[in-house]
J.: 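Take this structure first; my questions come after.
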Amino acid sequence: MMNKNEIAAVLVEIAEILEIKGENPFKVRAYYNAARTLEGLTEDLSALIQSKQLTELPGIGKNLADHIIELHQTGKLKEYDKIIKSVPEGIFEILKIPGVGPKKVRVLWEKLGITSILHLEQACHQGRVAHLEGFGEKTQSKILEGIAQIEKHSGQFLYAVADDLAQTILKKLEKHPKVERASIAGSLRRCKEVVKDIDIVAATEDPKKVMDLFVKLPEVEKVIAHGETKSTILLKLGIQADLRCVSDKEFPYALHHFTGSKEHNVALRSLAQDKKMKMNEYCLFDLKGKTEKLIPCKDENEIFAKLGMEYIPPEIRENMGEIEAAQKHKLPKLIESKDVRGLLHCHSTWSDGTASIERMAEGVKALGFEYIGVADHSAVAKYANGLTPERVKEQFKEIDALNKKLKGLHIFKGIEADILPDGEVDMGEKVLNSFDYVVVSVHSKFNLTSAEMTKRVIKAIKNKYVHILGHMTGRLLLRREGFALDIKAVIDACADYGVAIEINANPLRLDIDWRHIPYAKEKKAMLIINPDAHSVSGLEDYEYGVSIARKGWLTADDILNTRSALEIMKWLKRK
DNA sequence: GCCGTTTTCGGCCCGACTGTTTTCAGTCG
């Protein structure tokens, strides 16, 4: 049995192999398209198979439907087993190097017998790659840079990936009768955008039994350590997970300790010392009397209270001023998911989304929201099927009709317009003015100098039709650094010209970086949590944006889309 | 491999950029 995402991953692998083998590029694309359709699927796959409706999905014909059914029902695919044997395993990692695509992989493999990154790195150092036809000195050094980048990020995982897996494991542990309570700890609990492992703390009087369950989980690839109170496993995705078992009494201290950050803990322990107390991972002691006296705490809340401060949410435990603020009882009331009332910046099938506006709207409604903003790509983004002015008019008609039809939900007409290399905004004033709102983002020419890029982006911010600055740096976590940009200058401009700064909640972006958010708040810039959803399930990504907003100390008042549709309309029209 | 009011064959998105070349191939979004 395989779920839709696992099946999609197999189809992608097949596509990659076909590409390397130089198969018909349209056949290759058919596999990619089918994978994408599956990932964006909202209907239940089993039901679709049963009612024989699979071939009604876009991009899925007889052949791919058969493949999908075979994978879904048996977890295997004969054709895949055959084709996977025809290429060496290591080529997939070579394909991940930026600038190296299927054609280059094939040449490296055929001409130099290179089948792994390690091989490739050696060959580059020996200068053998530069001599290949179609390659050269620059390609060779770019490959080395790419490998260095991959190695720098290796052992790191996107928050969303790690969190998914961690929640699955946590649920299984919590079900164990001997587990009294359990929680995720570490950087994952602090909602860091990338994490290197999963930390879990469990309270139990029978650690041995709980540890046994942990090391025998079906997700385990390898047991690295298996002790009485601490075990480490390597999960199949390559992520390590640590479990620490403590008694129920010790649990609050252990949870706090293993949540960190290290810097936060050091600062807090030194503060405890000042107050004649001692803190470690198992308890809090009162040192005022002649003998050490245990200070009982039933949860983290009490620990902070005993230390004379208000509760510090895990997201902001980075020793960036939270301890001082908590002592003065001046921590902001951080935004929560329930504060968000609608989602702007969503894509539809009008550009590169996988769902119609109606389905996206229904998805937003199902999440309990009051409004959705459709912001498809603009004309210049041809690769993403960007809207032409003519198609914009048609899209408006569809939205108008849906607004009449759908009760209790308002659809805003937006556009994600490209910031052109010279800072002009795609589509021109007249078209831009016809939208309820305009999101602007950079999607091209990433290699400008910081000064050039800053000038370009600020010019777009000054455009009077612009309301929101999308994914400020264009970063893709663990894949691509953001482009060079004077972030403070850009934040200043957003604050001055009343442009809201997007917290792009796509787990691969989480852009603007939370470290810059306090500066934006200081400058009184408006922020907005946008899922940048390309599918119905992508709408739920807004929650990652909430976590990032919390890491940036933001309250509901700091975020535009905690307001009602009416208030949003007013805000958009104030320009 | 998919698709079809130009329909069962023949097209399928396309332009920018880079580095390799001397007119283009590969990669990317």
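A note on names: the letters A, B, ... follow the listed sequences, proteins ahead of strands, and every chain is numbered from 1.
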J.: From the set B:dG26, B:dG1, B:dT18, return the single nucleotide nearest to any side-chain atom of A:Lys104.
T.: B:dG26
J.: Considering every strand shown, what is the Watson-Crick or G-U wobble mate of B:dC12 when both distances are under 3.5 Å?
T.: B:dG1
J.: Could you measure between the two C1' atoms, the one in B:dT8 and the one in B:dC2, and give it in whole Å?
T.: 12 Å
J.: Give me the distance, rounded to whole Å, that separates B:dT21 from B:dA16 when you measure between the P atoms they each carry.
T.: 24 Å
J.: Could you tell me whether A:Leu57 contacts a base, only the sugar-phosphate backbone, or nothing, with contacts defined as non-hydrogen atoms closer than 4.0 Å?
T.: sugar-phosphate
J.: Using a heavy-atom cut-off of 4.0 Å across all strands, would you classify A:Lys138 as base, sugar-phosphate, or nothing?
T.: sugar-phosphate
J.: Roughly, in whole Å, what's the span from CZ in A:Phe483 to C1' in B:dC28?
T.: 16 Å
J.: Have a look at A:Glu137 and say if it touches a base, only the backbone sugar-phosphate, or nothing, with a 4.0 Å heavy-atom cut-off.
T.: sugar-phosphate
J.: Using 0.5 Å steps for rounding, measure from the CD1 atom of A:Ile14 to the NE2 atom of A:His67.
T.: 5.5 Å
J.: For A:Lys413, does the NZ atom have more than 12 heavy-atom neighbours from other residues, nucleotides or ligands under 6.0 Å away?
T.: yes
J.: Whole angstroms only, please: what is the CD-C1' distance between A:Glu133 and B:dG19?
T.: 14 Å
J.: A:Tyr383 side chain: which of B:dG15, B:dG29, B:dT18 is closest?
T.: B:dG29
J.: In terms of side-chain heavy atoms of A:Lys445, which of B:dC17, B:dG26, B:dT18 is nearest?
T.: B:dC17
J.: Quick check on side chain to side chain donor-acceptor pair (under 3.5 Å): which of A:Asn504, A:Asp513, A:Asp511 does A:Arg475 satisfy it with?
T.: A:Asp513
J.: Please state whether the base of B:dG1 and the side chain of A:Asn24 form at least one donor-acceptor pair under 3.5 Å?
T.: yes
J.: What's the gap between B:dG11 and B:dT18 when it is taken at their C1' atoms, as a whole Å value?
T.: 29 Å
J.: Round to a whole Å and report the spacing from NE2 of A:His443 to P of B:dT27.
T.: 23 Å
J.: How long is the gap from NE2 on A:His377 to OG on A:Ser351, to the nearest 0.5 Å?
T.: 5.0 Å
J.: Given the P atoms of B:dT20 and B:dG26, what is the spacing between them in whole Å?
T.: 14 Å
J.: Can you figure out which of B:dT20, B:dG1, B:dT18 approaches the side chain of A:Asn63 most closely?
T.: B:dG1
J.: Please determine which of A:Phe369, A:Tyr371, A:Phe435 meets the ring-ring contact (aromatic ring centres under 6.0 Å, His included) test together with A:Phe412.
T.: A:Tyr371
J.: Using the P atom as the reference point in each nucleotide, state the distance between B:dG15 and B:dG10 in Å, no decimals.
T.: 25 Å
J.: Between B:dG15, B:dT27, B:dT18, which nucleotide gets closest to the side-chain atoms of A:Lys103?
T.: B:dT27
J.: Give one of base, sugar-phosphate or nothing for A:Val380, where a contact means two heavy atoms less than 4.0 Å apart.
T.: nothing
J.: Could you go step by step and tell me if A:Ile512 and A:Ile503 meet the side-chain contact (heavy atoms from CB on, under 4.5 Å) rule?
T.: CA-CA 5 Å; A:Ile512 178 174; A:Ile503 298 175; 4.2 Å; yes
J.: A:Arg480 near the nucleic acid: base, sugar-phosphate alone, or nothing, with a heavy-atom cut-off under 4.0 Å?
T.: sugar-phosphate
J.: Determine the contact category for A:Pro102: base if any of its heavy atoms lies under 4.0 Å from a base atom, sugar-phosphate if only primed atoms, P, OP1 or OP2 are that close, otherwise nothing.
T.: sugar-phosphate
J.: Among B:dG1, B:dT20, B:dC14, which is the nearest nucleotide to the side chain of A:Lys27?
T.: B:dG1
